[in-house]
Amino acid sequence: MVKLIFEKLKREFCKEVFEIETVSIQEPWSFEQICGLVEDGKAVCAVGLLDGEVVCYYSFYNICDEGYVNNLAVRQDFRGKGFGAQLINDMIERAKSLGVGALTLEVNENNTNAISLYKRFGFEVEGVRVKFYNGRDDALIMWKRDL
């Protein structure tokens with residue numbers, strides 16, 4: 001398997017992250033919001049690089065030793081190749097290194113691939129936000145505790 005190199009989000013990566021975001025996330029962040037993460041002291045953000053090209057990214061807020069995952073995604077043409085697992089693994093390891101004790105995220109109830117991946121890494125469904133996505137789909141609230 002090809003190993004990605006993970007680097008901290010820098011302004012030079014924002015355009016590629018935004019492009020991934022807009023095709024991957026139902027309610028994508030704006031370009032300005034993504035760029036704002038670069039300077040946000042509470043935000044932990046990284047990109048996965050393959051030959052210098054952004055293949056995936058994640059961001060979470062480190063608040064009171066808990067990580068609240070904003071968004072994460074793998075570029076469409078790189079899905080199904082194990083990069084999502086590398087992404088989640090790097091995010092968990094980075095959170096641990098910062099003393100984060102738990103990670104939480106929301107995922108569309110219909111995104112079975114993502115739910116399956118999160119469960120593989122020990123995330124468990126602990127709640128539901130009804131009609132969270134576009135007033136239609138529920139969001140599953142998932143936690144990974146005891147990092």
How close do Val38 and Cys14 get, heavy atom to heavy atom, and via which atoms? CG2-SG, 3.9 Å
Decide yes or no for Val125 and Leu140: does some side-chain heavy atom of the first lie under 4.5 Å from some side-chain heavy atom of the second? yes
Between Gln86 (side chain) and Val2 (backbone), is there a donor-acceptor pair under 3.5 Å? yes
Could you tell me which non-hydrogen atom of Leu4 sits nearest to which non-hydrogen atom of Gly48, and how far apart they are? CD1-CA, 4.3 Å
Flag for Asp90-Tyr58: side-chain donor and acceptor within less than 3.5 Å: yes
Could you go through Ser97 and Arg94, starting from their C-alpha distance and side-chain angles, then the distance that decides it, and tell me whether this counts as side chain to side chain contact (heavy atoms under 4.5 Å, CB included)? CA-CA 5 Å; Ser97 76; Arg94 174 74 179 174; 4.2 Å; yes
For the residue pair Lys96 and Met91, establish whether any side-chain heavy-atom pair is separated by less than 4.5 Å. no
Looking only at non-hydrogen atoms, find the nearest pair between Ala114 and Val107 and report the distance. CB-CG2, 3.9 Å
Take atom CD1 of Ile5 as the centre, draw a 6.0 Å sphere, and report whether it contains more than 12 heavy atoms from other residues, nucleotides or ligands. no
Nearest-0.5 Å distance that lies between atom NZ in Lys8 and atom SG in Cys45: 8.5 Å
Report yes if the side chains of Tyr61 and Asp40 come closer than 4.5 Å at any heavy-atom pair, otherwise no. yes
Take atom CD in Glu19; do more than 12 heavy atoms of anything else shown fall under 6.0 Å from it? yes
Under a 3.5 Å distance rule, please check whether Gln33 uses its side chain to pair with a backbone N or O of Ser30 as donor and acceptor. yes
Please assess Arg145 against Glu126 for the test side chain to side chain contact (heavy atoms under 4.5 Å, CB included), listing each intermediate value before the final yes or no. CA-CA 11 Å; Arg145 300 189 185 274; Glu126 293 192 14; 2.7 Å; yes
Is there a path from Leu117 to Val55 through hydrophobic residues (I, L, V, M, F, W, Y) whose side chains come within less than 4.5 Å of each other? yes
Any heavy-atom pair between the side chains of Arg75 and Ile20 that's under 4.5 Å? yes
Does a side-chain N-to-carboxylate-O contact under 4.0 Å join Lys131 and Glu109? no
Identify whether Phe83 and Val23 are in the same connected component of the hydrophobic contact network (ILVMFWY, side-chain heavy atoms under 4.5 Å). no
Rounded to the nearest 0.5 Å, the CD1 atom of Ile115 sits from the CG atom of Asn113 at a distance of 9.0 Å
Any sub-3.5 Å donor-acceptor pair from Thr104's side-chain atoms to Tyr68's backbone N or O? no
Do Tyr118 and Ile88 have side-chain heavy atoms sitting under 4.5 Å apart? yes
So that I can tick it off, tell me whether Arg129 and Glu106 are bridged by a salt bridge, with the cut-off set at under 4.0 angstrom between side-chain N and carboxylate O. yes
Contact between Leu9 and Val17 at the side-chain level, heavy atoms closer than 4.5 Å - yes or no? yes
Phe6 versus Val47: any side-chain heavy-atom pair under 4.5 Å? no
Kindly compute the distance separating CG (Asp137) from CG (Asn108), expressed to the nearest 0.5 Å. 4.0 Å
So, Asp51 side chain and Glu53 main chain: donor-acceptor pair closer than 3.5 Å or not? no
Between Arg79 and Ser24, is there a side-chain heavy-atom distance shorter than 4.5 Å? yes
Checking Lys119 against Phe123: charged group under 6.0 Å from the ring centre and within 45 degrees of the axis? no
Mind listing the closest non-hydrogen atom pair of Thr22 and Pro28 along with its distance? CA-CB, 4.0 Å
Among the clusters formed by ILVMFWY side chains lying less than 4.5 Å apart, do Val54 and Leu50 turn up in the same one? no
What closest approach, in Å, do Ala139 and Tyr133 show between heavy atoms, and which atom pair accounts for it? CB-CE1, 3.4 Å
Same hydrophobic cluster for Phe121 and Val44, using side-chain heavy-atom links shorter than 4.5 Å among ILVMFWY? yes
Quick check: are there more than 12 heavy atoms from other residues, nucleotides or ligands sitting under 6.0 Å from CD of Glu39? no
Which heavy-atom pair separates Asn134 from Glu27 by the least distance, and what is that distance? N-OE2, 2.9 Å
At what distance, to the nearest 0.5 angstrom, does SG of Cys35 lie from CZ of Phe18? 9.5 Å
Please evaluate residues Tyr57 and Leu72 with respect to the criterion side chain to side chain contact (heavy atoms under 4.5 Å, CB included), reporting the C-alpha separation (whole Å), side-chain torsions for both, the decisive distance (0.1 Å), and the verdict. CA-CA 5 Å; Tyr57 70 94; Leu72 56 95; 5.5 Å; no
For residues Val69 and Ile25: do they belong to one hydrophobic cluster (side chain heavy atoms under 4.5 Å, members Ile, Leu, Val, Met, Phe, Trp, Tyr)? no
Would you say Asp146 has more than 12 foreign heavy atoms packed within less than 6.0 Å of its CG? no
Distance from Leu37 atom CG to Asn70 atom CG, nearest 0.5 Å? 6.0 Å
